Structure formats: structure tokens, C-alpha cells
Amino acid sequence: MKEAKKDIDMETIVSLAKRRGFVFQGSEIYGGLAGTFDYGPYGVALKNNLKSLWWRMFVDSLDNMYGVDAAILMNPKIWEASGHVDGFSDPLIECTECKHRFRDDQVQKKTKKGTEESDTSVSVWSCEHCGTENESVEPRQFNMMFKTHAGASEDDAATVYLRPETAAGIFMNYKNIIDSVHPKLPFGIAQIGKAFRNEISPRDFIFRLRELEQMEIEYFVRPEEWEMAFENWRVRLNQYADAIGIESSSLHELEVLPEDRAHYSKRTIDFEFDFPFGRKELWGLAYRTDFDLLAHEKGSGVELKYFDESKKEKITPHVIEPSLGIDRTILAVLFSAYREDITGDTPRVYLAFPPAIAPVKAMVSPLLKNKPELVEKARNVYLELKKDIPQIMWDDNGNIGKRYRRQDEIGTPFCITIDFDTLGETSELKDTVTVRDRDTGDQKRMAISELLEYIKTAL
Ligand code: GAP
């Protein structure tokens with residue numbers, strides 16, 4: 001087998017994602033809606049696997065971690081207190097010709113030398129839509145929160161926002177968690193859910209969306225312990241990257257400069273990934289200090305202190321926030337898993353997902369679909385495995401070679417085939433099957449009774 005991993009462009013991933021039912025354009029038959037995408041059967045399975053692994057590693061496996069699922073619509077005063085009404089904005093500029101709008105920091109600016117009449121040089125940018133060369137002007141701030149109205153009235157008093165980050169729902173439940181489960185510091189609250197940002201120019205497939213999903217934790221610590229907690233979460237994020245198949249060579253930690261940090265942060269590390277369109281933020285790790293608890297204490301008038309029994313004192317905990325966008329994670333995982341090689345004379349594409357996140361763990365199929373005795377035996381194997389491992393798939397479409405190609409592109413680690421030897425044509429092979437390995441293409445024979453353990457060990 002010849003490995004032929006090449007530079008993968010976005011088009012290759014977008015087309016595979018569509019062809020194999022991972023990701024589709026949102027509202028496609030109506031021409032789409034910018035910044036929205038829909039996940040198909042394998043995309044949603046991959047997403048669920050990434051979420052459950054995250055939850056298992058960071059909630060279930062750690063002490064003092066608590067999950068919440070807060071409402072997306074929240075009292076608008078929350079967004080005033082958190083600084084989002086005033087500060088959650090991007091710099092917007094507009095093409096003078098076609099009126100297309102762009103984020104000021106996303107256009108390429110260059111300096112144009114002055115003319116004979118005016119020798120001062122000016123900064124200009126080219127509109128990527130119509131090509132007009134525009135002179136740079138001071139951008140205006142555009143708030144990215146989506147507004148809507150709660151109830152039958154559409155006046156300002158009824159304005160509510162679609163949350164732009166899941167974090168606020170966590171802060172809203174800090175007191176509830178303390179009062180209901182009485183955690184000891186340090187403790188964390190985790191949430192997975194949708195967030196909405198009216199991005200000026202959504203782009204790069206599922207990288208920059210208007211409707212996105214986040215996995216966030218607010219980890220509450222004594223103020224003097226923030227550095228240790230920050231370091232622990234830095235290590236954990238690297239462990240998660242490793243578990244989902246993102247190679248350390250394509251992940252880079254960027255210490256964000258003070259002037260580039262969000263208003264609530266005193267330290268931020270961006271975990272950047274080498275996407276084909278550049279090295280860009282994949283996840284963030286921020287030290288939010290006591291900013292949010294103090295702001296919401298002031299905004300709501302409700303005390304949000306923590307009584308530390310061991311020290312007999314009331315404190316405002318500080319917060320470390322690991323924040324992961326699921327859509328960007330899926331994009332990074334697709335790029336990381338993509339492989340091309342040549343088996344025999346045939347080129348193939350496969351996704352080398354770690355089995356734990358693969359949307360399908362194993363495919364079961366009869367060698368021939370028109371032989372009822374093969375089909376019956378294969379169905380039995382399939383149904384038995386599925387009782388313990390739900391993400392097992394039945395596939396009897398086309399010939400066996402086509403099925404393997406299809407499963408390779410979905411990233412299925414094992415293909416199990418029931419053939420005439422399974423039925424006892426060669427007596428010593430009765431009740432054995434072939435198991436094909438996705439990455440090597442090698443096949444081995446195995447007793448049906450060993451299959452479950454074999455697959456489970458890989459997960
Ligand atoms: N609570 C902190 C917070 O929301 P952020 O850096 O704005 O911080 C966190 O976002 C993560 O959410 C990012 O690292 C990225 O993975 C994801 N994300 C942010 N904006 C996004 C967008 N427009 N489309 C897709 N994912 C996005």
C-alpha cells in the first residue's frame with residue numbers, strides 16, 4: 001500500500017462531507033442561508049461522539065464537575081451586565097461601490113503611494129466581491145448579538161437576545177449549583193449548547209458560523225489558585241486533542257496579547273489549528289477572573305459569594321474557562337483524519353478517525369446479498385453486536401469492494417463480512433468472519449464470539 005497524503009484543500013473536505021452525509025448547506029433547496037449548515041447522519045453521529053467524549057473526560061471523569069442545560073433566551077439585563085450589549089462587536093467596513101460589508105480585520109490592506117498632486121500615501125483595500133479599491137476608513141462597531149422579541153409586543157422592552165456564548169447560562173446557574181449540590185472549591189460547571197453570532201462575513205465552511213455550538217466550562221477556584229487551574233486545563237485540552245486525532249504538530253498555543261483579549265480576560269491562550277486557509281483559532285482558554293460574578297452581582301443585586309467552610313470566609317471565586325466550538329472541532333478532525341492511498345492499483349480516500357469518535361464503529365455485511373443463508377447469518381451477527389455497540393451499521397448495497405470504499409470514506413474502523421466459510425463450507429472456519437482494518441486494508445479471520453470484545457477494546 002502506498003501512502004499518498006497530499007495537501008488537503010477545503011473543497012475536498014466540503015465535497016466529501018456532502019457526498020457522505022456529514023454536513024450539508026443549511027436551507028439548501030432555497031439557495032442556503034449564509035453562516036448556517038446542517039449535519040447529516042454521520043455528521044451528527046461524529047458530533048455526538050465528540051460531545052460525549054468531552055463530557056466523559058471533563059465532567060464524568062473529574063471530581064466536582066456539574067452539568068447544566070440553560071435556556072438560550074435569557075433576561076436581557078444579563079447581557080448588559082456581562083458587557084455584551086456594549087462590547088460584543090466587530091469592526092465593520094463597507095465597499096463604497098457594491099455596499100458589501102466586511103470585517104475590518106479580515107480585509108488585506110496595502111499602502112498606496114501618493115500622487116503628484118497629493119504626496120501623502122493612503123491605506124487601501126480591495127473589495128473581494130466587486131474588486132473596487134476602497135480607501136481605509138475608521139470602522140464602525142457592529143454588535144454581533146441577534147435580537148428578537150419575547151411575547152406579542154415588538155417594542156424595545158420586549159427585546160431579547162439569542163445567546164452569543166453558552167457561558168452566561170453557566171454563570172446564571174452558579175448560585176443554583178451552590179445551593180442545591182453544595183460543591184467545594186474548586187468546582188466546575190459544564191454546558192454544551194447552541195450560540196448565535198451575527199458574524200459580518202461568515203466563511204470557510206463550518207469555521208465561522210452564525211449558528212454554532214459550544215462546549216464550555218466555567219471552573220471556579222480560589223483567586224490564588226488560578227494559575228494552577230489554568231495550567232491543568234491547558235494540559236487537558238491537549239489530551240482531548242490527542243484523543244480525537246488532532247496531531248500536536250498541527251495544534252499551536254498562542255498567548256493572546258492584552259490588547260487582543262476579550263474584555264473579561266486577564267490571560268487567554270488560543271489553541272490554533274493549521275487549517276488550509278491559515279493557522280486559526282480552534283479553541284480558547286481564558287482566565288475570566290471574578291469579572292462575571294462581580295458584574296452579575298452588581299446587575300442582579302443578588303450576592304454571588306462563596307462561603308469557604310475550611311477558611312470560614314466569604315470570597316468571590318475566580319474563573320478559568322476552556323471554551324471549545326464543536327463545529328470548528330469537527331472541521332479540524334475531518335482535516336486531521338483525511339487520507340488518500342493506493343491499495344493494489346486502486347486509489348482510495350479514508351478517514352482515519354480514532355475509533356472512539358468514528359460515527360460507525362463497524363459495518364456488517366453478507367458477501368452476497370442474494371444468498372438468503374448468508375444474509376440471515378449476517379443479520380444475526382449484526383443484531384447481536386448492535387445490542388452492545390449501537391453504532392454498528394448494516395450494509396449490503398453494491399459489491400463488497402464498493403461497500404469497503406464507502407465505509408472508508410465514512411471512517412468506519414472495521415468491516416465484518418459473512419461468507420460461505422462462516423456457514424461451514426470449510427469446516428474449521430465455521431462461525432468465523434473476515435474483519436477488515438480500515439487503515440491497512442488487511443483482513444483477518446476471527447470467531448464471531450470474539451468480535452464484540454475485539455471492537456470494544458479498540459473504542
Ligand atoms: N465563552 C467564551 C467564548 O465564547 P470565543 O473565543 O468567542 O469565547 C469560543 O469562542 C470558541 O467558540 C472558539 O474558540 C471557537 O471554537 C468557537 N466559535 C466562536 N465563534 C464562532 C463562529 N462564528 N463559528 C464557529 N465557531 C465559533
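None of these values were measured; they are calculated from a predicted model. Both ligands and their constituent atoms are indexed starting at 1 by order of listing.
Protein residues lining ligand 1, listed by chain and number: E165, A167, R197, E199, F207, R208, L209, L212, Q214, E216, Y264, E281, L282, W283, G284, R288, E321, S323, G325, R328 [non-hydrogen atoms, distance under 4.0 Å].
For F275, the ring-ring contact (aromatic ring centres under 6.0 Å, His included) partners are F207, F273, F277, not counting sequence neighbours. Every residue two or more places apart in sequence or in another chain was checked for a ring-ring contact (aromatic ring centres under 6.0 Å, His included) with F22, and none qualifies.
Remark: Y30 OH is loosely packed, at most 12 non-hydrogen atoms of other residues, nucleotides or ligands lying under 6.0 Å away.
Side-chain contact of E216 with S323: a donor-acceptor pair under 3.5 Å is present, judged by distance alone. Checking E247 against S336 by side-chain atom types alone, no donor-acceptor pair falls below 3.5 Å.
Pairs of residues two or more places apart, or lying in two chains, never qualify as salt bridge (charged side-chain N to carboxylate O under 4.0 Å, His left out) while including a residue from residues 29-41.
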